[in-house]
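Every chain is numbered from 1, with letters handed out A, B, ... down the list of sequences. Note that these values count all heavy atoms, side chains included, but never hydrogens, waters or copies made by symmetry.
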Amino acid sequence: MSNVERFNPHVADARWQNIWEERRSFVADDNSTKPRAYVLEMFPYPSGRIHIGHVRNYTMGDVLARYKRMTGHEVLHPMGWDAFGMPAENAAMEKNVHPGSWTRDNITNMKAQLKRLGFAIDWTRELATCEPEYYGHEQALFLKLYAAGLVYRKESAVNWDPVDMTVLANEQVIDGKGWRSGAPVERRKLSQWFLKITDFADELLTGLGSLDQWPDKVRLMQENWIGKSQGLKCTFRFPGGDGGIDVFTTRPDTMFGASFVAIAADHPVAQKLAANAPDLQAFIEECRKGGTTAADIETAEKRGFNTGLTVEHPLDASWHLPVYVANFVLMDYGTGAVFGCPAHDQRDLDFARKYDLPVTRVVADGDVADSVFVGDIAFTGPGRIVNSHWMNGMTIDQAKADVIARAQTEGWGIGQTQYRLRDWGVSRQRYWGTPIPIIHCQTCGAVPVPDDQLPVTLPEDVSFDIPGNPLDRHPSWSKVDCPSCGNPARRETDTLDTFVDSSWYFIRFASQPQDKPFDRTVAEKWLPVDQYIGGVEHAILHLLYARFWTRALSHIGLIDVKEPFASLFTQGMVTHQTYQDAKGSWLSPDQVRREGDIWTIIDSGAPAVAGRIEKMSKSKKNVVDPDDIVDQYGADAVRWFMLSDSPPERDLEWSEAGIEGCWRFVQRLWRLTSQVSGADGADKVLDRKTHQVIAGVGADIEALAFNKAVAKIYDLANAIEKAAPSASRDTAIRTILLLSSPMVPHLAEEAWTQIGAELGGGLIADAAWPVVDPALLEEDEVTIAIQVRGKLRDTLAVAKGLPQAEMEALALASEKVQHAVDGGDIKKIIVVPDRLVNIVL
RNA sequence: GCGGAUGUGGCGGAAUGGUAGACGCUACAGACUUAAAAUCUGUUGUCCGUAAGGGCGUGCGGGUUCGAGUCCCGCCAUCCGCACCA
């Protein structure tokens, strides 16, 4: 054993970080002729401190970025800040700081934290969405979409806090009450800006088909979110022929099972009736209680109000159905009205049982075809149509087609494609966001801010001492002259949803000229992003909005990119055990100590309870600060931990023992690199292992299966340690350094200068990935399994490629096999070459 | 409520339908040491057995197959998303 000093990250980390920076190692060259690789992790919200989840995310991207550089790519790996959002305003209210200075301070701190981890980031392209240099271009893009007719204004519901007189985000509504006032929230309508994402519904849906490097689950979730369905839009007429109620249904086959029509509380018919019906008015107001989320609405008790109105059944005018106002019907989806077929829809059945409405079966469940439906569980399976006159005996699909055809011929309905997707409401009644560049004029209406007046910047002099949007009460900011007629007018005081900011930052990273949002030619060189990595919580909204925005820009001819992210990876969360004291208060991990199976509070000696392993969160105090652990173990051990053990798409549990193990491995790798001996001679077994590992680690990194790459590196380290000195062993040591350098770059550089000096020096970051010799991958001997009746009875080492007959003979000759067969009748022998023999009795 | 996923030793996990538990962690035993740390060697799914060997084992219940952790059907549990959190 040599007496090498330990690897000291406290010195080495900063040294190499400075060298990479000085040499501009990771600055991407727009004009490079190398193949390009754009590696992007979802940019962070500057909340204050870097979170371990960020570290995991950026470590994964970093390994890929560094690997891509080593395999000859020009890599773009940028970083920026998703810097607008509510927490800055909350901080302003709580700590009396300006959202801007709070945000910018956080960025400074978090950038320093990220730098300590040695990520191969091109910091020259750093951007923050809260700066006019970014959001000004966003305003320009918004106005281009406006000019193209993709932006419009309409009424839409928000959570209204009647005490604070302010709009609340869903997050600020807790159990139906405002988080500060505690008052029950109401749904209130406001006029707001919308982007026409529904124009792209079909494109966004079919586009999913081209995203073959996206996880199936994300594509499926987006598909369901867009929710394309075919159905019938038809009118249930008021008796007497004066108008009616338009209804959309995906189940026209069940029309003869209808027993009521239900309309939304906001439906014009309901509104009109309520004017003269106080009890209906009261019911409608009751329906407005509670928050706006789908979960709130759909888990609320299903309630209805019988309006006393009736409508004619389209297929039988003599058949009249009652009209209810129901709290589960949404004005935003379809026509805001449905017909209820209780036998074949659970919600309708619950409703019918509650209000004692008829329940008629129209789809047979096997042989059950009784006209009166029994039970409380709706039948939604396949079957043939019954109790439906001429449709009896048809399949569901035949009946659907029949009813739609009949409706179109007779003129009372039309076959229609419907989407669940709604237009994207982008108005936010808040300060800390991109101002919507519109001016409201009494004469001219909504007028876009002229290009030469962009950016519309946020005023700095705002106060947060009372709830509500400071832009609204700013003395002068909103007072402007109309750009069109010159008369006094009012600036829009709503700001844009922060999802708009994150819908194009990846384009701005690729190209950031001062005078326009991006240079098309340069952006198109880099886009689409080759690998996008982030949390699965963004599977729908962010990723769908970014896809839409890119298509919208493409639609108006600004860029020729349809899909922004060619390959997507969704990582799991970082979790940690939680601890509580006897009263149930949360304790941080450094407040408790373990003695055997007993946990105690260090300060008081009182008992503590080790609870569930949960996502790290401040409220549960189970957080670990990356700075602390980098201080203790250095960047490389932390990075190694982020990649080890857990598959990246799954949750990773932070543990003391785990990081200790990683620290030991870093030191072990360091010792290994001091063992280059200069010895001669080849070690064929080690050579084979080395090349198998080169091939395996490369494939694993490309597949982002970092835990498997790590396991293979451990395997190679074990093999090297067991091998006797030889030229092969020296090569294996250099190889393991190269293979692990994307993961532990500081140690790799440090060791590389020592053993690399003799090879001519240079940075390992600039070194080439080792090349696999396919001839060395081949094993000449394989172990085959011998099964009897599918149970393993023996294993045999045989030459690779042994003929099946010989495998069979060897298997039968095995004593263990003969014992297991025990003279029984052999019916069949299955032979899988180089794998196994299965003897079937 | 709707949509999506996950479930394998003490723990994290590995396994193109073909030897379940690679690799790591923990624990235990041993070596080295005055001692500790570090390091090294070995053991570590479970039950029966001195051993050889055998039984049982991938959330639960069925099924397909020569062969199922893997495919199919039905459950259970947990987690994530649900349009103003980012």
Side-chain angles (χ1 to χ4, degrees), chain A residues 1 6 42 44-45 47 82 84-87 156 158-159 167-173 192 197 215-218 220-225 227 291-300 302 328 332 346-347 420-430 497-499 501-502 535-542 544-545 570 572-573 575 612 614-615 644-647 649-653 655 657-658 660-662 664-665 667-668 671 705 707-708 710-715 717-718 721 783-787 789-795 816 819 827-830 832 835-841:
Chain A
M1 251 347 273
R6 285 182 158 208
M42 292 178 186
Y45 176 77
S47 57
D82 188 13
F84 276 136
M86 281 202 312
S156 167
V158 293
N159 301 304
V167 177
L168 298 179
N170 285 336
E171 192 189 48
Q172 298 170 316
V173 178
Q192 309 197 68
I197 190 172
D216 288 343
K217 64 172 175 183
V218 175
L220 190 57
M221 280 192 262
Q222 293 214 349
E223 188 181 321
N224 291 335
W225 187 261
T292 56
T293 72
D296 279 348
I297 291 162
E298 285 166 39
T299 51
K302 308 292 175 283
F328 58 84
D332 288 333
Q346 190 59 46
R347 201 168 54 182
R420 202 186 75 100
L421 182 68
R422 308 198 301 256
D423 274 336
W424 177 12
V426 293
S427 290
R428 296 292 181 273
Q429 295 70 41
R430 274 189 271 284
D497 180 5
T498 57
F499 274 125
D501 308 336
S502 53
V536 71
E537 66 273 18
H538 295 292
I540 295 173
L541 294 180
H542 161 58
L544 192 65
Y545 291 147
T570 56
M573 298 178 299
T575 61
R612 296 160 51 108
E614 295 194 60
K615 177 178 181 172
S644 305
D645 293 349
S646 283
E649 68 276 14
R650 263 196 247 172
D651 289 353
L652 169 69
E653 190 196 342
S655 76
E660 293 278 353
C662 293
R664 284 200 297 274
F665 179 73
Q667 295 301 335
R668 187 175 157 209
R671 286 194 301 278
N707 58 320
K708 294 190 217 170
V710 162
K712 290 186 175 92
I713 289 171
Y714 273 117
D715 223 12
N718 291 342
E721 280 176 352
T783 306
I784 59 166
I786 315 298
Q787 299 179 333
R789 264 183 284 183
K791 280 191 180 265
L792 181 71
R793 292 300 167 187
D794 202 0
T795 56
K816 289 173 185 169
H819 184 252
K827 287 198 186 118
K828 190 156 80 163
I829 300 181
I830 311 267
V832 182
R835 282 244 127 158
L836 65 65
V837 178
N838 187 11
I839 296 161
V840 186
L841 297 186

Item to complete: Please check if any side-chain donor atom of A:Asn170 sits under 3.5 Å from a side-chain acceptor atom of A:Thr292, or the reverse.
Response: yes
Practice prompt. Would you mind classifying the nucleic acid contact of A:Lys791 as base, sugar-phosphate or nothing, using non-hydrogen atoms under 4.0 angstrom?
Written response: sugar-phosphate
Worksheet item: Are A:Lys816 and B:A52 close enough that a side-chain N or O sits under 4.0 Å from OP1 or OP2?
Response: no
Fill in: Side-chain donor/acceptor contact of A:Asn170 with base of B:C84 under 3.5 Å
no
Worksheet entry | Closest to side chain of A:Val832, choosing from B:G18, B:G13, B:G4 | B:G18
Practice prompt. Among the candidates B:C84, B:U19, B:A86, find the nucleotide nearest to the side-chain atoms of A:Leu792.
Written response: B:U19
Worksheet item: Any side-chain heavy atom of A:Leu541 within less than 4.5 Å of one from A:Trp225?
Response: yes
Worksheet item: Base, sugar-phosphate alone, or nothing: which one does A:Thr293 contact when heavy atoms must sit under 4.0 Å apart?
Response: sugar-phosphate
Practice prompt. Using a 4.0 Å heavy-atom cut-off across all strands, classify A:Leu220 as base, sugar-phosphate, or nothing.
Written response: sugar-phosphate
Discussion item. Can you check the distance between B:C71 and B:A27, where both ends of the measurement are the C1' atom (answer in whole Å)?
Written reply: 38 Å
Worksheet item: Counting any heavy atom closer than 4.0 Å, what does A:Trp225 reach on the DNA or RNA strands: base, sugar-phosphate only, or nothing?
Response: base
Worksheet entry | Touch class at under 4.0 angstrom, heavy-atom based, for A:Ser502 against every strand present | nothing
Worksheet item: With respect to the side chain of A:Asn838, which nucleotide from B:U19, B:C84, B:C66 is positioned closest?
Response: B:C66
Discussion item. Please give the distance between the P atoms of B:G10 and B:G59 as a whole number of Å.
Written reply: 13 Å
Worksheet item: How would you label the contact of A:Ile784 with the nucleic acid (heavy atoms, under 4.0 Å): base, sugar-phosphate, or nothing?
Response: nothing
Worksheet item: Is B:G9 in the syn range, within 90° of 0, or in the anti range?
Response: syn
Worksheet item: Looking at B:C40, B:G1, B:G4, which one has an atom nearest to any side-chain atom of A:Asn224?
Response: B:G4
Worksheet item: With a 4.0 Å cut-off on heavy atoms, is A:Gln429 in touch with a base, just the backbone sugar-phosphate, or nothing at all?
Response: base
Worksheet item: With a 4.0 Å cut-off on heavy atoms, is A:Gly535 in touch with a base, just the backbone sugar-phosphate, or nothing at all?
Response: nothing
Item to complete: Round to the nearest Å and state the distance from A:Lys217 atom NZ to B:A5 atom C1'.
Response: 6 Å
Worksheet item: In whole Å, what separates the C1' atom of B:A68 from that of B:A20?
Response: 11 Å
Practice prompt. Between B:G61 and B:A52, how far apart are the C1' atoms? Round to whole Å, please.
Written response: 37 Å
Worksheet entry | Span that lies between the P atom of B:A14 and that of B:G21, in whole angstrom | 15 Å
Worksheet item: Minimum heavy-atom separation for A:Leu792 to A:Ala785, with atom names?
Response: CD1-CB, 3.7 Å
Fill in: Residue-phosphate contact under 4.0 Å: A:Thr498 side-chain N/O, B:A86 OP1/OP2
yes
Discussion item. Determine whether a donor-acceptor pair (one donor, one acceptor, N or O, separation below 3.5 Å) exists between the side chain of A:Glu537 and the base of B:C79.
Written reply: no
Worksheet item: So which nucleotide from B:C80, B:C66, B:G13 ends up closest to the side chain of A:Met573?
Response: B:C80
Discussion item. For a quick test of reading the model, state the closest non-hydrogen atom pair linking A:Ile540 to A:Gln222 and the distance between them.
Written reply: O-NE2, 3.6 Å
Worksheet entry | Any A:Arg422 side-chain nitrogen or oxygen under 4.0 Å from OP1 or OP2 of B:A83 | no
Worksheet entry | A:Phe499 and A:His542 aromatic ring geometry - parallel, tilted or perpendicular at 30°/60° bounds | parallel
Worksheet item: Separation of A:Leu541 atom CG from B:C85 atom C1', in whole Å?
Response: 11 Å
Item to complete: Check whether any side-chain nitrogen or oxygen of A:Arg835 sits under 4.0 Å from OP1 or OP2 of B:C66, and answer yes or no.
Response: no
Practice prompt. Using heavy atoms to find the nearest nucleotide of RNA chain B for A:Ile786 and A:Phe84 separately, return the residue whose nucleotide is more 5′.
Written response: A:Ile786
Discussion item. Does A:Ala539 reach a base, just sugar-phosphate, or nothing at all? Heavy atoms under 4.0 Å.
Written reply: nothing
Worksheet entry | Any donor-acceptor N/O pair under 3.5 Å between B:C84 base and A:Arg430 side chain | yes
Item to complete: Ignoring backbone atoms, establish whether A:Asn718 has a side-chain N or O less than 4.0 Å from OP1 or OP2 of B:C23.
Response: no
Worksheet item: How close or far is atom P of B:C85 from atom CZ of A:Arg428, stated in whole angstroms?
Response: 7 Å
Worksheet item: Can a side chain N or O of A:Asn707 be found less than 4.0 Å away from OP1 or OP2 on B:A14?
Response: yes
Worksheet entry | Sugar-phosphate only, base, or nothing, as touched by A:Pro647 at under 4.0 Å among non-hydrogen atoms | sugar-phosphate
Item to complete: Taking atom C1' in both B:C23 and B:A37, compute the distance separating them and give it to the nearest angstrom.
Response: 26 Å
Discussion item. Looking at A:Arg650, I'd like to know whether one of its side-chain N or O atoms comes within less than 4.0 Å of OP1 or OP2 on B:A14.
Written reply: yes
Worksheet item: Roughly, in whole Å, what's the span from CE in A:Met221 to P in B:G3?
Response: 13 Å
Worksheet entry | Nearest-Å distance once atom P is located in both B:G30 and B:A35 | 14 Å
Worksheet entry | From B:U19, B:C23, B:C84, nucleotide with atom closest to A:Tyr714 side chain | B:C23
Worksheet item: Distance between the P atoms of B:G7 and B:A15, in whole angstroms?
Response: 12 Å
Item to complete: Scan A:Gln787 against the nucleic acid and name what it touches under 4.0 Å (heavy atoms): base, sugar-phosphate only, or nothing.
Response: base
Item to complete: May I ask you to say what A:Arg664 touches in the nucleic acid, namely base, sugar-phosphate or nothing, with a heavy-atom cut-off under 4.0 Å?
Response: sugar-phosphate
Item to complete: Please tell me which of A:Asp497 and A:Glu649 maps to the more 5' nucleotide of RNA chain B, matching each residue to the nucleotide holding its nearest heavy atom.
Response: A:Glu649
Item to complete: Name the nucleic acid region contacted by A:His542, choosing base, sugar-phosphate or nothing; use a 4.0 angstrom heavy-atom cut-off, strictly under.
Response: nothing
Fill in: No-H, no-angle donor-acceptor pair, A:Asp645 side chain to B:G12 base, under 3.5 Å
yes
Discussion item. Heavy atoms from C-beta onward define the side chain here; which of B:C66, B:G55, B:G18 lies closest to that of A:Arg793?
Written reply: B:G55
Discussion item. Nearest whole Å is fine: how far is B:A38 P from A:Phe665 CZ?
Written reply: 18 Å
Practice prompt. Could you tell me whether A:Arg420 contacts a base, only the sugar-phosphate backbone, or nothing, with contacts defined as non-hydrogen atoms closer than 4.0 Å?
Written response: base
